[in-house]
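Reading through the structure tokens given below for one structure.
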Amino acid sequence: MVSTPLAPSSHPLAEYVHRLESGQALLKDTPKNVVEVVGILKSYGVVLDAYSRNLIYIAEHQFLRLFPFFKYFNGEVTLSKLLKFWWHDRINYEYAEYCMRSMLWHGGNGLDEYLDTDEFKNLAVRAIRAKLRGNPFMQGLNGLFPDFLPEQVRQSCYYSGLGQFWRVMSDMFLSLSDRYDRGEIQSIPQVVQHILNGLVADANRPITFSVEIDGETYDIIPKSVGLTFLVDTAVPYVESIFFRGAPFPGTVSYNAQAFQIPAEQGDFTYGALYADPLPIGGAGIPPTQLMQDMRHFLPDYLHEIYRKGKRQEDDLRVQICQSFQKSMFCVTTAALQGLAPHPLDTTDIEQRKANRAFLEQWMNRFVTSRVEVVNQ
Amino acid sequence: MLSALIFVPVLGAGLIFLLPTTLPSSRFRSITLVPLAGLLLWTIAIAAQFDLTQTGMQFTERLPWVEWLGLNYHLGVDGISLPLLVLNAGLTLIAVFASASNIERPRFYYSLLLLLNAGVSGAFLAQDLLLFFLFYEIELIPLYFLIAIWGGKRRGYAATKFLLYTAVSGIFILASFLGWVWLTGAQNFDYNPNLTASLPVTTQLILLAGLLVGFGIKIPIFPFHTWLPDAHVEASTPVSVLLAGVLLKLGTYGLLRFCVGLFPEGWSVAAPTLAIWASVSVLYGALTAISQQDMKKMVAYSSIAHMGYILLAAAAATHLSLLAAIAQSVSHGLISAMLFLLVGVVGKKTGTRDIDKLQGLLNPERGLPLVGSLTIVGVMASAGIPGMVGFIAEFMVFRGSFPVFPIATLLCLVGTGLTAVYFLLMVNRVFFGRLSDIVTDLPPVQWGDRVPAIVLALLLVIFGIQPNWLVRWSDAEAATLVPGYSIVQTIQTSAIEIPPSKEVF
């Protein structure tokens, strides 16, 4: 069978459609981009490791604590840790919670659907009863506001879900860095392939959540529900954090009454792929915390590149954010390759047409993104 | 003791001019800082020995010079000139520190700065009218060259305009001084207010008018101000600092010393008109500042408005208002110097001072966050926010002037409100929001760019919290300067006779 060539796309971002169809990434393959992406994903991997451990700790050990004063201490409350915390020379776990809340708010896919089922409600009520045993004050409060604690349990599920997702991603990014150090990674398509392989390898990894109360284990998300890594955490995460995000107060004033914010959450474009790195470093700009955290774990080769910038270390967090945004386009490329209806290198014309439709539909969402800026 | 303030910078200038041209520019700057640091310390030492309880001149030095002309080398310092001397020494040091390390023709540049310092100090110290005039004119020469050689694109035009205006100013002042000597029958040009009493009021008013035009150009007051915005826009940052911080103060000093001090009776008659003139100048300066696009021009027009307060305070001529006029001179010197320094850094780093082109410079990573924060401190001080020296000086101006000229004072208060308007417009456009595309990749700011403004910001706050450290030097002298004549209001309903007040504030 002779394959008929597909007509060039007429999409405004046709260049990127063709690039993806030819096995390239959304990010241009240049040596500098490779160094930046691998380097920043290494530091991101270290930070995600810390975020992941803390999110899981909060979900399991701060369960239904209304005033979790020491939730960022991972169970180790010491004076030196407290002083370090107050001095702010620490991991900003607040950013992890910001992402968790963003996922909770935007929802989507299996985890979101499960949290609205009777099965979840029954399990949550059971755990709440066990937790409130011997606490008449909280029992009374729960009676007065019966929706409050189940909502807290829903949030705990997202704490745990995001923690489990980032556990996988952290290991994936650190192994990417190890492979780069061994000389096995030399191009952006290889970076994308590494991420895609990681996503596929853990695609069906079960997402579960249980808490231990008075020595007894209470399942909140049992394995039998069938929630899995890729569909139920990775995809909602990409949708919530990469695409939708939240219009945080920063250098732009959003006026909902003047319809500056879309009426539908699905139309939000405030995520990592759209964010302007320039305001990073300012108060009220949540990603500042992530960049601040990553600056502690930059590999030397990347740090050196930043030091050679025009403002040296003055704008380190902005430079980190610019690299981070590039890396997110690589992660998104891997996600698109994974979600495409057919392998992108297929020669079957019908499959290629289906892929073309799939990519063009996605590219509609990239029109206002920073994809062209990161490729300048 | 006082002569050192004139001769040390002159000798320093000569010494620098003898240094080899092969020395790097930054070395010339370091060498210039040495005599200037010594001068500042010397001025502080004079202040430390200054007797606060005593009125009149202290540390006087008198040598006959050209006796047939009636010219004597007669120096002295009192509560009016002392704060201005310290201001001159401090701001010259800051101006040299803020000068570019790679400035062209450094020998000439730093020599001129030292000569300028000497000329200004001489004018503040001179107790002989002709000697004052000589120093007043001498300082024009270095300043003319400083604008004409190291200025912007239209430096030639700005420098010539500055020279013409201030030379005319000198002619009016000289004419009045000569008229005073001639008509009073004085044997020499010694500063002696007692002789004026023999002159009819009309004659006093004519002579006073000459001085008012002369010093009105220097201060400057509307409509004699047009040289100032051009000079500021074209002058380099250190020269702008000196121009606004010190040079304009020669005008306010002359207003107090020679207009109020030498013609108390004529001043009392002219005061109501001067108060109206002051409020017109304040409102004109403020309203014009609002319409400016160039940050430097906005600060320059702000100077015109703020100098109007001094005219108002001098016109009211109460003990408090005269003390306020001195305080406002120092306050404006510090604030405007700081703002010109900061605008200079913005211009140097971004390549523009256009308010419509700049945006978001408070950006913490890519902008000029510390420079922006200091600018906000500066504009707050200029707008008279409590806790800063601007509030103290302006509050004293209004409190001291209101009983005498309530309407003019209220109009000037509107000017204070307008200060907040134009400076907030500037701050909002230049420093808030997202960085504009032309400034997303600025070069780094060095501490050398920040330190001078930080020092001035500290002084603004220190004097704002402890204003006594600023006004204690002038309190006794301000009391003696109060004219012994009542000021008659032109608006009868608000006519208030102010008895000559001699009590210590």
Side-chain angles (χ1 to χ4, degrees), chain A residues 32 40 88 92 245 247-255 260 269-270 274-296 298 302-303 305-325 368 370 372-374 376, chain B residues 100-102 341-342 344-352 354-377 380 424-454:
Chain A
K32 185 168 180 283
I40 209 68
H88 275 266
N92 289 286
F248 49 79
T251 54
V252 180
S253 294
Y254 294 104
N255 185 344
Q260 289 169 346
T269 50
Y270 306 111
Y274 301 84
D276 179 4
L278 274 183
I280 292 295
I285 315 286
T288 295
Q289 295 176 320
L290 175 62
M291 308 311 147
Q292 175 68 18
D293 288 341
M294 283 199 283
R295 70 180 295 171
H296 296 303
L298 292 174
L302 184 58
H303 208 160
I305 289 176
Y306 293 152
R307 280 200 195 100
K308 286 176 184 162
K310 197 169 185 181
R311 299 196 75 163
Q312 289 100 45
E313 301 229 357
D314 277 5
D315 62 343
L316 190 57
R317 284 170 294 198
V318 172
Q319 293 192 68
I320 291 173
C321 188
Q322 287 172 332
S323 301
F324 181 70
Q325 199 162 44
T368 56
R370 307 266 302 178
E372 291 186 289
V373 178
V374 298
Q376 277 172 1
Chain B
S101 58
N102 58 347
L341 278 171
L342 294 166
V345 175
V346 169
K348 186 169 81 174
K349 298 296 172 188
T350 64
T352 180
D354 193 329
I355 290 170
D356 289 345
K357 289 181 181 167
L358 295 168
Q359 196 184 316
L361 287 181
L362 267 178
N363 182 295
E365 303 262 323
R366 284 280 173 94
L368 310 169
L370 194 55
V371 169
S373 306
L374 287 166
T375 306
I376 291 172
V377 171
M380 283 168 70
L424 284 180
L425 278 174
M426 179 182 84
V427 165
N428 190 38
R429 288 183 191 169
V430 175
F431 294 104
F432 288 99
R434 186 192 185 274
L435 268 176
S436 48
D437 290 336
I438 59 161
V439 290
T440 52
D441 203 17
L442 299 179
V445 180
Q446 311 300 330
W447 276 103
D449 295 322
R450 298 166 175 153
V451 166
I454 290 172

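So you know, we letter chains A, B, ... as the sequences are listed, proteins then strands, and number each from 1.
- Residue-level contacts of residues 444-452 of chain B with chain A, in order of numbering, are P444(B), V445(B); threshold 4.5 Å between heavy atoms.
- For D293(A), there are no salt bridge (Lys or Arg N to Asp or Glu O under 4.0 Å) partners at least two apart in sequence or on another chain.
- Note that the OG1 atom of T288(A) and the CD atom of E365(B) stand 7.5 Å from one another [nearest 0.5 Å].
- Expressed to the nearest 0.5 Å, how far NZ of K310(A) lies from CG of L442(B) amounts to 7.5 Å.
- Without hydrogens or angle criteria, R366(B) side chain to I280(A) main chain gives no donor-acceptor distance under 3.5 Å.
- Listed by chain and number, the residues in a ring pair (Phe, Tyr, Trp, His ring centres under 6.0 Å) with F324(A) are Y44(A) (sequence neighbours excluded).
- Atom NZ of K349(B) has more than 12 neighbouring heavy atoms from other residues, nucleotides or ligands inside a 6.0 Å radius.
- Scanning both residues, G282(A) and P364(B), for their nearest heavy atoms gives N-CG, 3.3 Å.
- For the salt bridge (Lys or Arg N to Asp or Glu O under 4.0 Å) test, no residue two or more places apart in sequence or in another chain qualifies with E372(A).
- The distance from the CG atom of D314(A) to the CG atom of L368(B) is 10.0 Å, given to the nearest 0.5 Å.
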